[in-house]
Structure formats: C-alpha cells, structure tokens
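Throughout, a chain's letter reflects where its sequence line sits, starting with A, and its residues are numbered from 1.
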There are 2 protein chains.
Amino acid sequence: MLPAQPNQSLIDGLTVIQALAMRDAPVGCRELARETGIELTKVNRLLKTLAHIGLARQNPGRKYITGPGIHVLASQALHGSGLLKTAFDPLEKLSQLNLIVALGVLWRDQVSYLYFRTPGTSAAQAIGSLGLFPASQSSIGMVTLAGMEMEEVKSLYAGKVIPGYENSQALFFKEVQKTREQGYGLVYRDDTKETSMAVAVGMPLVGAIALSGRMKNNEQNTYLKILKNIAKEITERLEKNL
Amino acid sequence: MLPAQPNQSLIDGLTVIQALAMRDAPVGCRELARETGIELTKVNRLLKTLAHIGLARQNPGRKYITGPGIHVLASQALHGSGLLKTAFDPLEKLSQLNLIVALGVLWRDQVSYLYFRTPGTSAAQAIGSLGLFPASQSSIGMVTLAGMEMEEVKSLYAGKVIPGYENSQALFFKEVQKTREQGYGLVYRDDTKETSMAVAVGMPLVGAIALSGRMKNNEQNTYLKILKNIAKEITERLEKNL
DNA sequence: TGTAATGTTGCTATATTAGCAACAAATGCT
DNA sequence: AGCATTTGTTGCTAATATAGCAACATTACA
C-alpha cells in the first residue's frame with residue numbers, strides 16, 4: 001500500500017546506507033550515485049546527513065565509509081530480524097559436509113550474505129563476512145528471484161545487462177522459471193567446477209540457504225535432500241518466533 | 001559537520017525503524033510517536049513509507065511490526081559493522097565462566113545488545129536476542145556513557161527521569177564520572193544479588209562487553225582482568241579490519 | 001602540465017512536508 | 001449493551017525543504 005505522503009528522502013537515504021554498508025573500501029559519493037541511480041547532489045546531502053548521525057564518516061580523502069552508528073543499526077536490525085539467530089544452529093549442522101554453507105537475502109539485483117562459511121573456518125567468521133554477489137549468478141539469488149512475480153523480476157532487470165546472461169535476457173528468465181518449477185536453485189560454475197544449490201527459507205520467503213563446492217552428480221540429490229530438511233527446520237523455527 | 005541541506009525525514013525515519021525493530025510485540029504509531037518524540041502524523045507517514053519498502057508491516061489489528069526487508073537491512077548493517085563477527089570468538093572464551101556474557105551498544109538512553117548469552121545456552125541464541133535496557137541501570141550503558149562528553153550525557157537525559165536514579169540526577173552524573181575514572185562499569189542489583197561489570201570496546205569506543213551474575217567480592221578483580229583482556233583483544237581485532 | 005575526475009555548495013522554482021483538525025474504527029469500561 | 005477513549009488515518013494549505021543545474025575548488029591521473 002502506498003502512503004498518503006510517501007517519503008522519498010527516507011527511501012533514498014536507506015538505499016544509500018545500504019549501498020555504503022556493503023562496501024569493503026571507501027567510496028565516493030559520485031560512485032554511489034551511479035550505483036544507486038539517485039541524483040548526485042541528493043546522494044551527497046544524504047551522505048552528509050548520515051555522517052551527521054554517525055552512520056557514515058569520511059576518510060581523509062573525503063571518501064565515505066560507515067560510521068560508528070552502523071553497529072547500533074546492526075544490533076537493532078539483527079534483533080528485529082532474528083533470522084541469523086534462528087538459522088545459526090541449523091546451519092552449523094551443514095558445515096560438516098565440507099562445503100561452503102551460506103544464508104543470503106536479495107537486495108535489488110544482488111545477494112547479500114548474512115552467513116557465508118568456507119570449510120575450515122569458524123562459524124564466527126561466517127557472520128556477515130561476504131558482501132554482494134550478482135543474483136543471476138548465485139543459486140540463492142535464483143531461488144529468491146523465483147519466489148517473486150515474473151513482472152517484478154523483469155522490472156528489476158529492465159535496461160540492465162544481466163551478469164552471466166549478457167547475450168540473452170530471455171534465457172535468464174527461462175532459467176528463473178525453471179528454478180521456480182523445480183523448487184530449488186542450481187548454478188554450475190565452469191571455471192572452478194563448483195556447483196551451488198539453494199533452497200528458499202521462510203513462509204513467505206525471506207531468503208535462502210545454499211551449499212556450494214565441487215560435487216559429483218550422484219551426490220547432488222543427497223545434498224539437496226539435506227539442504228531441504230534444514231531449510232524446513234529454519235522455516236518452522238521462524239514461524240515459532242512470531 | 002552539519003550538511004548544507006540536512007534531511008530530517010531520513011533521521012526521523014531511521015529513528016522509527018530502529019525503535020520498531022527493538023519491539024518484541026506489535027506497536028501502534030501513536031506509541032512510537034510518544035517514544036521517539038516525533039510528531040504523530042509524521043510517524044504514521046514514515047511507517048507507511050517503511051511498509052511500502054518492506055521494512056515494516058501491519059498486522060491484522062493495524063499495529064506495526066518489522067517487515068521482511070529487515071533481514072536485508074540486518075545483513076547489510078552486519079557486514080558494514082563487523083563488530084559481531086570480530087567479537088564472537090573472543091566472547092566464546094568468556095562463556096566458560098558460567099556468567100552472563102554480553103556485547104552492547106548505546107542507542108539514545110538505552111543499551112541494545114548484539115550478543116547476550118545466558119549460561120547454558122548456545123552461542124546462536126545469544127545473537128540479537130535481548131532488546132533494550134536502560135543505560136543507567138546497565139554496566140555496559142554506564143561505561144559507554146562514561147566515554148561521552150558530560151554535556152552530551154546531560155542533554156541525553158534532559159528533562160527525563162533517570163531509571164535507577166529517580167530522586168537524584170546529580171548522583172547519576174557522579175556515578176558516570178566515577179565510571180570514567182575507574183575505567184570500567186559496575187552495577188549491583190540488590191534484588192537478584194547480581195553484579196555486572198563492563199569494559200569499553202573499540203578505539204574510539206563503539207560499545208562494551210560485560211560479565212554479569214552472582215560473584216563474590218574477591219572474584220571481581222579476577223573477572224575484571226579477564227574481561228579487560230578480551231576487550232583489548234576485540235579492540236585490536238577491530239583495528240585490523242580497517 | 002593539462003585533462004578529467006572528484007566532493008561540495010549557492011541558488012530558486014518547485015514539490016513536499018507539517019501538523020491541526022476531523023474521521024471511522026477499534027478498544028476499554030461500566 | 002452503551003458510552004467514552006483511544007486508536008490508525010487522511011484532507012487540507014501555509015510554510016518549508018528539496019531538486020538539480022551550474023559552478024567551484026580540489027585531487028587523481030596522463
């Protein structure tokens with residue numbers, strides 16, 4: 001439902017901190033303006049406002065980075081979300097498979113990872129460790145897109161080049177459709193020979209969990225079953241929270 | 001530095017989601033307006049805007065709760081913050097003391113907990129599990145307030161009743177000053193006979209870690225030393241991230 | 001040294017917000 | 001049940017804040 005007096009400044013301002021928070025290095029306001037599609041002057045002033053309340057900061061070269069307030073926002077959002085808390089222990093079980101274990105959500109046309117655990121690392125290192133990844137090249141991204149209306153997906157990519165499908169948007173939409181029908185996301189990367197599979201989490205969908213790594217064809221079904229079970233467990237635990 | 005065109009809508013809008021995210025039950029817009037001190041109509045319209053972008057939602061009784069977008073915001077803020085990831089393993093070490101272990105940050109005059117672990121529970125359950133607690137009654141709150149300018153602290157509590165110091169603001173400010181001088185926060189709760197101690201984390205300060213529970217006087221120094229060591233470790237690890 | 005990029009702001013027409021007052025719906029109380 | 005509050009919500013218009021071009025100083029790069 002669209003409000004009586006919608007507030008575009010709030011929407012744009014949120015987009016700006018979110019874009020800023022995902023960066024691992026200082027960013028300029030012009031670059032953020034290009035990335036977000038928001039007019040430059042506006043971005044600059046929103047950043048200055050964010051800096052004023054401590055959510056952003058400027059380094060000596062006047063580039064922007066997140067400020068101390070981001071810890072507070074993280075704390076609050078984490079509490080309001082509860083997704084990481086709920087999924088943490090179930091995901092722990094997956095880590096013994098010696099594959100990458102991930103929990104991600106969709107932001108614009110990219111996947112943001114709440115949890116990304118590489119084999120051999122501690123669970124702590126998995127928390128918010130990975131930044132953004134193009135949704136079209138991610139199994140989590142595909143299964144999350146598959147949970148949206150096709151029109152939404154199309155408007156999300158309107159006028160954009162789709163990573164991994166540079167020559168054919170149609171092929172990409174077909175792939176999304178296929179993902180929807182089979183109920184899980186599957187991406188194979190040729191260069192690393194790695195397979196990623198993802199299953200949606202939440203009812204309605206709030207994100208997805210994934211397993212990724214080199215796996216043989218006959219192992220895939222086993223992994224998929226395990227993944228689906230964990231996804232179901234997380235979804236059920238989410239219901240209980242509310 | 002205050003910007004050329006500061007954006008109050010963004011500031012207020014952020015305040016509203018933050019307040020909303022900390023609630024464990026649905027809240028009305030009028031209640032949020034009272035809590036935040038923002039004019040009612042504005043809060044209502046900001047909430048509707050937040051609902052429009054998925055950060056908020058209305059339940060059947062038209063009360064507001066966080067929406068699915070909060071998971072995305074949590075993911076992004078968590079990545080931008082890095083505090084939980086950095087502190088997680090060091091905090092794990094503290095859990096074997098059989099005391100409550102907490103990591104909190106200051107929001108307005110309250111403490112928001114990134115991590116709050118009760119003895120006997122899993123680390124996962126500690127993630128963003130506890131909502132808000134009055135800073136004046138929290139060791140984390142006291143040590144964080146002690147890291148601020150006294151003027152800031154006073155303006156934070158201007159015209160308010162200070163929880164735990166209902167009869168004397170002066171006594172509270174004295175306590176803050178004492179906390180600053182001794183370099184750690186100490187709070188004793190008479191009803192439960194529990195002691196809480198907290199040490200600041202980050203340089204400059206971004207939050208604090210705490211130990212809490214029943215402890216004998218002669219144990220306090222030992223615990224304090226351990227706590228200081230862990231705080232130092234976390235602070236150093238934070239430096240390395242940037 | 002020149003060229004192109006960057007962060008930043010002054011300016012004013014324009015669009016947006018502020019916030020009172022009013023409304024209907026829900027809730028609490030008797 | 002009925003009355004009195006309290007709630008979420010919006011219409012309205014004066015007052016305000018924003019949009020965004022163009023320009024500036026500064027920095028990176030050739």
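Look at CG on D12(A): it is 11 Å from P on dT17(C), rounded to the nearest Å. Atom CG of L47(B) is separated from atom P of dT9(D) by 8 Å (rounded to the nearest Å). Rounded to whole Å, atom C1' of dG19(C) lies 13 Å from atom CG of L46(B). One atom, CZ of R62(B), and another, P of dG8(D), lie 8 Å apart when rounded to the nearest Å. Across the protein-nucleic acid pair, Q58(B) atom CD and dT7(D) atom P stand 15 Å apart, rounded to whole Å. Rounded to an integer number of Å, the gap from L40(B) CG to dG8(D) C1' is 8 Å. Whole-Å rounding puts the L50(A) CG to dG7(C) P distance at 15 Å. K42(B) places its NZ atom 18 Å from the P atom of dT9(D), with the value rounded to the nearest Å.
The side chain of Q5(B) sits closest to dA19(D) out of dG7(C), dA19(D), dT10(D). Set against dA19(D), dG8(D), dT10(D), the side chain of R45(A) has dA19(D) as its closest nucleotide. With dA19(D), dG11(D), dT9(D) as the choices, the nucleotide that has an atom nearest any side-chain atom of Y64(B) turns out to be dT9(D). Side-chain atoms of R30(B) lie closest to dT7(D) of the nucleotides dT7(D), dC20(C), dG10(C).
Comment: R23(B) engages E31(B) in a salt bridge, judged by a side-chain N to carboxylate O separation of less than 4.0 angstrom.
Note on K63(A): every side-chain N or O is 4.0 Å or more away from OP1 and OP2 of dT6(C). OP1 or OP2 of dT9(D) sits under 4.0 Å from a side-chain N or O of N44(B). Considering only side-chain N and O atoms, N7(A) lies under 4.0 angstrom from the phosphate OP1 or OP2 of dT17(C).
Both Q8(A) and R34(A) lie near DNA chain C, and the one whose nearest nucleotide falls closer to the 5' end is R34(A). The nearest heavy atom of DNA chain C to G61(B) and to G28(A) marks one nucleotide each, and the one closer to the 5' end goes with G28(A).
A perpendicular orientation is assigned to the rings of Y115(A) and F88(A), their planes being inclined by more than 60° (bins at 30° and 60°).
When side chains are defined from C-beta on, D89(B) counts as touching R237(B), because their heavy atoms get closer than 4.5 Å. T15(A) places a side-chain heavy atom less than 4.5 Å from the side chain of R108(A).
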Give the intermediate values and the outcome of side chain to side chain donor-acceptor pair (under 3.5 Å) for residues S212(B) and S196(B). CA-CA 4 Å; S212(B) 183; S196(B) 296; 2.7 Å; yes
